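Computed from a predicted model, the values in this text were never measured in an experiment. Here is how names work: the chains are called A, B, and so on, in the same order as the sequence lines, proteins then strands, and each is numbered from 1. Heavy-atom basis, side chains included; hydrogens, waters and symmetry copies ignored.
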2 protein chains.
Amino acid sequence: MVTLRGMAAADPTSVADNRPLDRIELGDAVASRLRTLILGGEFAPGSRLVETELASRFGTSRGPVRDGLAELERTGLVRSVNRRGSFVIELTAADVDEVYSLRTALELLAVTRAIPVATTATIDRLSEAVNAMDVSLAVNDAPAVGAADMAFHRAIVEAAQHRRLLQSWEGLADQTELMMQELSSVRPELQSNHGHHSELIAAFAARDVDRAVAVLADHLDVSRTTMVEHFSS
Amino acid sequence: MVTLRGMAAADPTSVADNRPLDRIELGDAVASRLRTLILGGEFAPGSRLVETELASRFGTSRGPVRDGLAELERTGLVRSVNRRGSFVIELTAADVDEVYSLRTALELLAVTRAIPVATTATIDRLSEAVNAMDVSLAVNDAPAVGAADMAFHRAIVEAAQHRRLLQSWEGLADQTELMMQELSSVRPELQSNHGHHSELIAAFAARDVDRAVAVLADHLDVSRTTMVEHFSS
DNA sequence: GAGAATTTGTTCGTATGTATC
DNA sequence: TGATACATACGAACAAATTCT
């Protein structure tokens, strides 16, 4: 029977985001906590993620754990094989190349679409992200620097107001952050390209798409080179 | 009632999707068959997808149905809201714009990376897809034309040998095919740009990246314009 | 607005497939 | 290679939330 309930529902993404933690579905909570554990190094790359073990650790049953693992598989942090289980991804130089080439394509599209619709609020958000990065740099908190760096890039992508673009980009964000953690734990001095970030904000303020594209492409290329080098050795 | 498991066991060779159902998990089977139903118009855009109804239709429990719905949510064909259920997406002109702008960015990256590593096998696969499209055009099988068109573009993306690029692109393929079905059911004469496809193959054969990028960008822009126009009215 | 019905989220038991000794 | 242990895939029932009458 056709009911009236099929009508357009509210935007699910806006519902899921800022909500008290105990109201979130367990599957999302599992994904969130497991993500933190992986990015924090608790589960090293290649580790097996056993459903029953995670279920008892998080105090739920295996159902929500399956949901959470599926979500993290979507973001690329976890890889699942039929009947064999789930594992934390292991990153090679080829993976770094894939992530950065794709991020470049996506973020260049993002600035192109973002600048024409940017407001002062957009600029403010970018500046805040840079400030947060400076603060974390000052206290030598490498994980926080990486997170702030990604927040900066996320702000650019969000400014494009392009749902599918953001979704694709999010499929690379966690993997990028994992790379950053791995790099900064060995070579903490290689973090940040503060100059690039400021230049990019200036290009946004001037609504100069060409310059923003050039700066961002250069910025990502520098990062990519550093990363590829690290993961090749 | 024909169950997925039962059907696979009874007659593994001739299933509706010509895929070996007995070797894949039920969740994937549900996703595959539900995708065909949606793209075939059985479930119209906006339709509610009730887990219990799908479970009885496919002869499984709700577990695999949930897995299948999650998979189709990943490809963008289905949208789920916490505690409210899953729905077939509804496409607006804004969605068309998003899909095509993102597809353009992804497929331009694809040709750029594919041409340097292309072999004669790559060219063959592209030609086969064009031939399949011609055959379907000759017999006025609109859904098959759309499927063959997407197979052509998929061949380009696969040729880039870039896992994450393919994954991102697949998040748009089903949505594009849904658009094509909706368009061709109303304006069947608007399908195909055969000239563009041949030109693109020529550019591949000549290893001319610049020309391939130009042709593909033009091709996608023409398609986008047609689509946006249709979905605006 | 309250209660009933429907539907989703969750839990747990069972069976099958995988890995190991 | 064969048997055993273990983890995942699936099914069925319970509980909570949303929608409809």
ask   = Who passes side-chain hydrogen bond (donor to acceptor under 3.5 Å, both in side chains) against B/Glu170, sequence neighbours left out?
value = B/Arg154
ask   = Using a heavy-atom distance cut-off of less than 4.0 Å, which residues of residues 70-78 of chain A contact DNA chain C?
value = none
ask   = For B/Phe231, which residues count as a ring pair (Phe, Tyr, Trp, His ring centres under 6.0 Å) partner, sequence neighbours excluded?
value = none
request  = State plainly whether the residues B/Arg57 and B/Glu42 are in salt-bridge range, i.e. N to O under 4.0 Å.
outcome  = yes
ask   = Hey, is the side chain of A/Arg83 poking within less than 4.0 Å of OP1 or OP2 on D/dA7, counting only N and O atoms?
value = no
Anything under 3.5 Å between a donor and an acceptor, one on a side chain of residues 85-92 of chain A, the other on a protein residue two or more places apart or in another chain? List them.
from    : atom 1 : to      : atom 2 : distance (Å)
A/Ser86 : OG     : A/Ser80 : OG     : 2.8
A/Thr92 : OG1    : A/Ala94 : N      : 3.3
A/Thr92 : OG1    : A/Asp95 : N      : 3.3
A/Thr92 : OG1    : A/Asp95 : OD2    : 3.0

task = Determine whether B/Val145 and B/Ser184 make a side-chain contact, defined as any pair of heavy atoms from C-beta on separated by less than 4.5 Å.
result = no
request  = Mind calculating the distance between CZ (A/Arg66) and C1' (C/dT10) to the nearest angstrom?
outcome  = 14 Å
inquiry  = Less than 4.0 angstrom between a side-chain N/O of A/Arg84 and OP1 or OP2 of D/dA7, yes or no?
reply    = no
query = Listed in order of residue number, which residues of residues 53-64 of chain A have a non-hydrogen atom at under 4.0 Å from DNA chain C?
reply = A/Thr60, A/Ser61, A/Arg62, A/Gly63, A/Pro64
message = Starting the side chain at C-beta, find the nucleotide from C/dT8, C/dG9, D/dA9 nearest to A/Glu25.
response = C/dG9
message = Between C1' on D/dC6 and CD on A/Glu51, what's the gap in Å once rounded to a whole number?
response = 13 Å
query = Whole-Å distance between C/dT7 P and B/Asn82 CG?
reply = 18 Å
inquiry  = Base, sugar-phosphate or nothing for B/Leu69? Non-hydrogen atoms, less than 4.0 Å.
reply    = nothing
task = Could you state the atom-to-atom distance from CG of B/Leu26 to P of C/dA15 in whole Å?
result = 17 Å
task = Using the test side-chain hydrogen bond (donor to acceptor under 3.5 Å, both in side chains), find all partners of A/Glu158 that sit at least two apart in sequence or belong to another chain.
result = A/Arg125
message = Going by side-chain hydrogen bond (donor to acceptor under 3.5 Å, both in side chains), name the residues that satisfy it together with B/Glu73, two or more places apart in sequence or in a different chain.
response = none
message = Applying side-chain contact (heavy atoms from CB on, under 4.5 Å), can you list everything that pairs with B/Glu51, at least two apart in sequence or on another chain?
response = B/Arg62, B/Val65, B/Arg66, B/Leu69
task = Please list all pairs passing the salt bridge (charged side-chain N to carboxylate O under 4.0 Å, His left out) test where one or both residues lie in residues 106-117 of chain A, with sequence neighbours left out.
result = A/Arg103-A/Glu107, A/Arg113-B/Asp97
